[in-house]
Protein chains: 4
Amino acid sequence: MEAVLPEGVTPPGTRGRILEAGLELFAESGFAGASIRQIAGMVGINSATLYAHYPSKGHVLAELVRIGHEEMRTRLTEAAAKTRGDSAARQLAALVRAHVLLHTDHPLLAVVTNGELHALPPELSAPSLQLREECRLLLADVVERGIADGEFELDDPLLAVTAIGGLGVQVAQWFGPALDRTREQVADQYARFALRIVNADR
Amino acid sequence: MEAVLPEGVTPPGTRGRILEAGLELFAESGFAGASIRQIAGMVGINSATLYAHYPSKGHVLAELVRIGHEEMRTRLTEAAAKTRGDSAARQLAALVRAHVLLHTDHPLLAVVTNGELHALPPELSAPSLQLREECRLLLADVVERGIADGEFELDDPLLAVTAIGGLGVQVAQWFGPALDRTREQVADQYARFALRIVNADR
Amino acid sequence: MEAVLPEGVTPPGTRGRILEAGLELFAESGFAGASIRQIAGMVGINSATLYAHYPSKGHVLAELVRIGHEEMRTRLTEAAAKTRGDSAARQLAALVRAHVLLHTDHPLLAVVTNGELHALPPELSAPSLQLREECRLLLADVVERGIADGEFELDDPLLAVTAIGGLGVQVAQWFGPALDRTREQVADQYARFALRIVNADR
Amino acid sequence: MEAVLPEGVTPPGTRGRILEAGLELFAESGFAGASIRQIAGMVGINSATLYAHYPSKGHVLAELVRIGHEEMRTRLTEAAAKTRGDSAARQLAALVRAHVLLHTDHPLLAVVTNGELHALPPELSAPSLQLREECRLLLADVVERGIADGEFELDDPLLAVTAIGGLGVQVAQWFGPALDRTREQVADQYARFALRIVNADR
DNA sequence: GATGAATGAGGATTCATTCAT
DNA sequence: CATGAATGAATCCTCATTCAT
C-alpha cells in the first residue's frame, strides 16, 4: 500500500520523502522493526543524511504521529462545525463519516498513529494524547446531547462512544483496493451502524 | 498488565514461563522491539537457555499466535454450538459475547495475535489465518441466516460482519481494571450493539 | 610470518589492512577459527567498521582467494608467454619456477587460497575454480607437447601433471626464513625435479 | 567421502563412532568449523554424551592426529624393514609406495593429521611432531645412502626429501573414486617419480 | 545538504562445557 | 551411558548515531 500523507502537511523535498518512507516502513514493521538505513534506502539517500533533516529516528515517528492526530482533529472539528445546530443524529453521522473517511484515506498513517504511539517518550506523545482526548470528547458530547434530546437511547453511553470510535479505527486494518466498496460506501454504512448503536435509526 | 494465557494450553515449566514473558513483551513493544535477552531476563534464565525450549524468537511468537487463534476458534465454536437451533439474534448475541469476553480475558494475547502476525513467515502464519477465516465465516453465516429469516435488516452484510468483528477486537485495546465495568457488562452491551447494527433490536 | 599480498592488488587504506589481517589469521587458524573481532583488532578498528568495507567475513576470504588465484594465473601465463616457442622442457621449467616462486613469495596467500576455498559458497568459489583449471591446462599442455615432441617420456601424463602441480603447492607449507635456501634456489631445484619427473633431464 | 580409520585402531562402540564423525567433520570444515553438536548429531547421541567418552573436543582431534601419525610411522617402518638390505632405490620406492598408499587409503585422516595439527595445544601436538620427524629421517636416510652408494645423484638432498614427502601428502587432496586410477597405479607411478627425482631411474 | 568511515551497544544465535537426573 | 536443561562466553552482524570532509 502506498504511503499517502494528508495534503498540505507534507514538508517539501527530502524531509517529506523521509516522512513517507518512515510511514510505510513503520506501518509494515513497527517502529522497532524499521531501521534508519531502510528508510534512507527507500528515500535514496545515505543514512547519515537523514540526520540533517530529523534529529533522530524517534522524531520521524513523532512527526508522523503528530500529523496523524492533527488530521483527525481537523477533520472531526470540521465535521462538527459544519453540522452545528443540526440534530444530534445528523451530527453523529457526520462525525462518524469523517472518522471513517480519515481511515480510508490514510490507513497507514492511522496504523502508525494508533499502533506506534507507545514507542514515543512521554513528552513526545503527550500532545497527541491530548488531541485524541479532544476528539473523544467531540464524539461524547454529541452522544450526550442526543440522549438529553431523547434522540438516542443508551444504557451505557461511555461504552457506546468507545465502540463507535473503535469502529472507525478498525477500518484502517482492512480498507484497500481489494475491497469492492468505495470510501463513501463504507463511510455511509458505518455512519448508519453508529446511528443504530445509539438507537437513533428507528 | 499481567500476561494471562488461556487455561490448559500453557506448557509446564520454563517453556510456559517463556511464553508468558514473550506475551507481555511482544504486546508492549512489538515483536521487533522485544529482545530475547529481555524475555530471558523476565523468566530468570540465561538467554541461551531459551534456545533449549524454542528454536528461535519467531517460534515463541508463532506459538503465542497459534494459541490465540485456537482460543478464539474454541470459544466461538462453543458459543455457536450452545445456541444451535436458537434464533439468529440469540446466536449472534452469543457469538459477540464470546468474542468480547475473549478480548477482556486475554487482551495481551489478542493484541499480539492480531498485531504481530505480520512478523511471522508465511508458513508459520498460514494456520492462524485459516482459523481466523473460520471464525469470520461463523459470524457471517449467522448474519446471513438472520437476513434470510427476516430477523435482520442490512444493506451490506459484509460490512456489518466486519464492523461487528472489529468491535470485539478493539476491546483488547482498552479493557482493564482502570475501567469500572465488568467483563460481563462490556460483553452484554457489545452484544446489544451488534444486534442494533443488524437492526434486530427493535 | 608476515602477510604479504602481491604488489598492486592490495586496496588502499583500511580495506587493504583488513585484507592483510584476514590473510594472516585465516592462514593461521582457518576461516572458521578466525573471528571478525580478531581481524578488526589486528587492524586497529572496531569490528563493526569492518562491515563498512566488506559485507561479510566470507567476502574478505573471497577477495583473498580471488587475489591468490589471479596472481597464480598471471604468473603462469607470463611464464608461458615468455617461453613461447622454446622447447617443452624449457617451458615446463619456466612454469614450475613461476609456480614455486609464487608459493615462496606468498606462502600465506597460497595456504588460504588452497586450503580455505571450501569455506566459500559455490557462487564465490566458482571463478577461482575456473582460474585453477586454466592453470592446470597450461601445465598439461606443455607436458603433452613434450611427449608429442619426444622430449618427455611418461606412462601416465595426468598423474605427472598432478604431481608437479602438487610439488609447488607444498612449498608454501615450509618455505620461510628458517630454511637456508633462497627462493631462487628452491625454484631451480624444483624445476629440475619436474624435468626429471618427465624424464627430460637425461 | 566416507571416513575410514585404519584397521585395529578404532575404539569399539560409541567412542569409535565419535572418532569417525569427528574425522569427517574436521576434514570438511576444519577443527574450528566443526561443532561438538554436529559430531554428536552424526553419531546419533546427545552432545553432552560425548563428554562421557572424550574430555573435550580437542581430545577428539588429538586422538585422530595421533592415530594418523602412528599409522604413518607403522607403514613406513614396515616398508623400511621389509626392504632392509635392498638397494637404496628399491627401499626408496617401497617407502614412497607406502606413503602414497597411506594417503589413498585414509585421505581424510591425512587431511586432518596434516592440516589441523596447529589447532592442538603444544603438549598434545608434540608426540605427533616427533613421529613426523622420525618418518622424515627414515626417508632422508635412504636418500643419503643412495647418494653415498652412487645410486642417486642430487645437488640438494634436503630439498629432494622435502619434495618427495610433499608428493605423497598431496595425494590426499585429490585421490578418490572420481579418478580412474587404482591406489596401486598411483603408488607405482609416484614411486617412479621419486626415483626419477633422485636420478636413480636411468 | 550530503557522504563514507567510524563506533559502542546491542541484536539473535551458537559455542563448548557442566551437572543433576 | 545417556540426557535435557542450563550457562557464560563468544559468534557474526546490525543498530542508531556522530563527525570530518
Side-chain angles (χ1 to χ4, degrees), chain A residues 13-15 17-18 31-41 43-61, chain B residues 13-15 17-18 29 31-41 43-61, chain C residues 13-15 17-18 31-40 43-61, chain D residues 13-15 17-18 31-41 43-61:
Chain A
T14 305
R15 260 183 85 87
R17 303 225 311 288
I18 290 172
F31 178 68
S35 85
I36 224 83
R37 276 171 165 81
Q38 276 178 293
I39 298 175
V43 174
I45 57 174
N46 186 290
S47 71
T49 303
L50 196 146
Y51 288 85
H53 300 279
Y54 290 95
S56 83
K57 180 180 159 187
H59 284 79
V60 177
L61 174 60
Chain B
T14 305
R15 257 184 89 88
R17 302 223 313 286
I18 290 172
S29 318
F31 178 69
S35 86
I36 225 83
R37 292 219 237 282
Q38 277 178 294
I39 298 176
V43 175
I45 57 172
N46 188 291
S47 72
T49 303
L50 196 145
Y51 289 86
H53 300 279
Y54 292 94
S56 82
K57 180 180 158 187
H59 284 79
V60 177
L61 174 60
Chain C
T14 306
R15 259 183 87 88
R17 303 222 312 287
I18 290 172
F31 178 68
S35 87
I36 224 83
R37 292 221 240 280
Q38 277 178 293
I39 298 176
V43 175
I45 56 173
N46 187 293
S47 72
T49 304
L50 196 147
Y51 289 86
H53 300 278
Y54 292 94
S56 82
K57 180 181 157 185
H59 283 80
V60 177
L61 174 60
Chain D
T14 306
R15 259 183 86 88
R17 303 227 310 290
I18 290 172
F31 178 68
S35 85
I36 225 81
R37 276 170 165 82
Q38 276 179 293
I39 298 176
V43 175
I45 57 173
N46 187 290
S47 71
T49 304
L50 197 145
Y51 288 85
H53 300 278
Y54 291 94
S56 83
K57 180 180 159 187
H59 285 79
V60 177
L61 174 60

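Order of the sequence lines sets the chain letters (A, B, ...), proteins ahead of strands, with each chain counted from 1. For the numbers below, each heavy atom of this structure counts, side chains included, while hydrogens, waters and symmetry mates do not.
For A:S35, a side-chain nitrogen or oxygen approaches OP1 or OP2 of F:dC15 to under 4.0 Å. Phosphate contact (OP1/OP2 of E:dT17, side-chain N/O of D:S47, threshold under 4.0 Å): absent. Residue C:T49 places no side-chain N or O under 4.0 Å from the OP1 or OP2 atom of E:dA5. For the OP1/OP2 pair of E:dT14 and a distance below 4.0 Å, the side-chain nitrogens and oxygens of D:R37 include no atom meeting the criterion.
Contact check for A:I45 versus A:I18: side-chain heavy atoms found under the 4.5 Å cut-off. Contact of the D:V60 side chain with the D:I36 side chain is not registered, since no non-hydrogen atoms from C-beta on lie closer than 4.5 Å.
Rounded to whole Å, atom P of F:dT14 lies 17 Å from atom CD1 of A:I39.
Listed candidates were E:dT3, F:dA6, E:dC15. Nearest to the side chain of A:N46 is E:dT3.
Counting only Watson-Crick and G-U wobble pairs whose two key distances fall under 3.5 Å, DNA chain F forms stems of three or more stacked pairs at E:2-21 with F:2-21.
Backbone-only contact: C:I36 has heavy atoms under 4.0 Å from sugar-phosphate atoms and none from a base. Backbone-only contact: D:A34 has heavy atoms under 4.0 Å from sugar-phosphate atoms and none from a base.
For the contact set between residues 50-59 of chain B and DNA chain E, defined by any heavy atom under 4.0 Å, the members are B:Y51, B:S56, B:K57.
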